Amino acid sequence: MPRKATKEAEPQPAAAAQKEPAPAPAAPAAMTEAEVEELPKAIVRRLVKDKLAHVAGGGEGAEVIVNKDAMAAFAESARIFIHYLSATANDMCMESKRQTINADDVLKALDEMEFSEFLEPLRTSLQEFRNKNADRKSEASKKQKEKRRKLNEESLPQKENDPADDAEENDD
């Protein structure tokens, strides 16, 4: 019976066990500061493409091609704008001797930065957001009240059919 030829380059099982394991992927804590501050690329891409398609007149379904470097420039520009806006809003908050930035601080910061054309659309969007959350909150409280009412109704009939009550009725 002829022997089967083996390739010398194939690692033997014992040799494979002696190899060091591949390094584990870096944990999120090991990310650099720049990576932590990056905006999500998919969201930036979607926003840019939707806005460009709308401006181009093709509507939301129009296909717009954006170079990878241009997309990175959009993302970095947005990140810098957010930093600048948050720093200015923080200054507005500090002037009011508060520690928590609120929506009014952001609106004042936009005005201070001379982006007043964003104020009205932002106010409208903020009001829609507040209304939507108020509706959700009221629906959640209604559901909670209904749940409590049902629990109370279920517990009341049990008290009415209490054996101690039946014994009192029989004594009469």
Side-chain angles (χ1 to χ4, degrees), residues 23-162:
M31 293 175 66
T32 66
E33 187 176 328
E35 289 172 336
V36 171
E37 291 184 351
E38 281 184 12
L39 296 174
K41 292 177 184 174
I43 293 172
V44 172
R45 182 180 306 110
R46 184 184 55 192
L47 287 170
V48 168
K49 284 189 170 194
D50 287 350
K51 188 62 178 177
L52 289 176
H54 183 72
V55 169
E60 291 181 23
E63 183 63 29
V64 177
I65 299 170
V66 181
N67 183 312
K68 189 176 182 179
D69 291 339
M71 199 61 70
F74 277 119
E76 183 64 12
S77 300
R79 186 186 69 78
I80 291 169
F81 179 76
I82 290 169
H83 278 270
Y84 182 43
L85 179 60
S86 60
T88 308
N90 188 50
D91 292 344
M92 298 293 155
C93 182
M94 299 297 255
E95 287 176 7
S96 300
K97 297 181 182 174
R98 291 180 287 108
Q99 293 182 347
T100 305
I101 298 173
N102 62 33
D104 289 333
D105 296 324
V106 176
L107 294 170
K108 288 177 190 174
L110 282 169
D111 193 37
E112 174 90 9
M113 295 166 45
E114 298 180 6
F115 282 101
S116 55
E117 66 271 12
F118 293 153
L119 290 176
E120 204 49 46
L122 182 58
R123 281 191 181 107
T124 303
S125 178
L126 183 61
Q127 190 58 45
E128 289 173 5
F129 174 78
R130 286 176 175 165
N131 291 341
K132 186 178 177 182
N133 280 347
D135 291 344
R136 284 184 188 168
K137 208 174 207 181
S138 66
E139 287 176 21
S141 67
K142 285 179 186 177
K143 287 180 182 179
Q144 201 171 29
K145 286 178 183 177
E146 182 66 23
K147 189 176 180 181
R148 285 183 193 149
R149 187 186 62 77
K150 285 182 180 180
L151 286 173
N152 287 337
E153 286 178 358
E154 289 174 1
S155 64
L156 288 175
Q158 291 175 354
K159 290 180 181 177
E160 291 174 4
N161 296 333
D162 191 8

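From a predicted model like this one, the values you see are computed outputs, not experimental measurements.
Rounding to the nearest 0.5 Å places CG of Leu126 at 8.5 Å from CG of Asp104. Rounding to the nearest 0.5 angstrom, the gap separating the OG atom in Ser138 from the NZ atom in Lys143 is 10.5 Å. Atom CE of Met92 sits about 10.0 Å away from atom CG of Leu110, to the nearest 0.5 Å. Atom CG of Leu85 sits about 13.5 Å away from atom CD1 of Ile80, to the nearest 0.5 Å. Put simply, CG on Leu122 and CZ on Phe129 are 11.5 Å apart, with the number rounded to the nearest 0.5 Å. Considering CD1 of Ile101 and CE of Met94, their distance stands at 9.5 Å, rounded to 0.5 Å.
Closest non-hydrogen pair, Ala109 versus Ala89, comes out as CB-N, 3.5 Å.
Evaluation of the salt bridge (charged side-chain N to carboxylate O under 4.0 Å, His left out) rule for Glu95 yields no partner, not counting sequence neighbours. For Arg148, the side-chain contact (heavy atoms from CB on, under 4.5 Å) partners are Gln144, not counting sequence neighbours. Partners of Glu117 by side chain to side chain donor-acceptor pair (under 3.5 Å), not counting sequence neighbours: none found. When the salt bridge (charged side-chain N to carboxylate O under 4.0 Å, His left out) test is applied to Glu112, no partner is found at least two apart in sequence or on another chain. Taking Arg98 as the reference, Cys93, Ser96, Asn102, Asp105 meet the side-chain contact (heavy atoms from CB on, under 4.5 Å) condition, with sequence neighbours excluded. Every residue two or more places apart in sequence or in another chain that forms a side-chain contact (heavy atoms from CB on, under 4.5 Å) with Ile82 is listed here: Leu39. When the side-chain contact (heavy atoms from CB on, under 4.5 Å) test is applied to Asn131, the partners found at least two apart in sequence or on another chain are Gln127.
More than 12 heavy-atom neighbours from other residues, nucleotides or ligands sit within 6.0 angstrom of CE on Met113. Within a 6.0 Å sphere centred on CD of Glu114, other residues, nucleotides and ligands contribute 12 heavy atoms or fewer.
Pairs passing the salt bridge (Lys or Arg N to Asp or Glu O under 4.0 Å) check and including a residue from residues 65-78, sequence neighbours excluded, read Glu76-Arg79. Sorted pairs that involve residues 129-140 and meet salt bridge (Lys or Arg N to Asp or Glu O under 4.0 Å), not counting sequence neighbours, are lacking altogether. Sorted by first then second residue, the ring pair (Phe, Tyr, Trp, His ring centres under 6.0 Å) pairs that include residues 105-124, not counting sequence neighbours, are Phe81-Phe115, Phe115-Phe118.
Salt-bridge annotation for Arg149 and Glu153: present, with a side-chain N of the basic residue lying under 4.0 Å from a carboxylate O of the acidic one.
Within the 4.5 Å cutoff, no side-chain heavy atoms of Val66 are placed close to those of Arg45.
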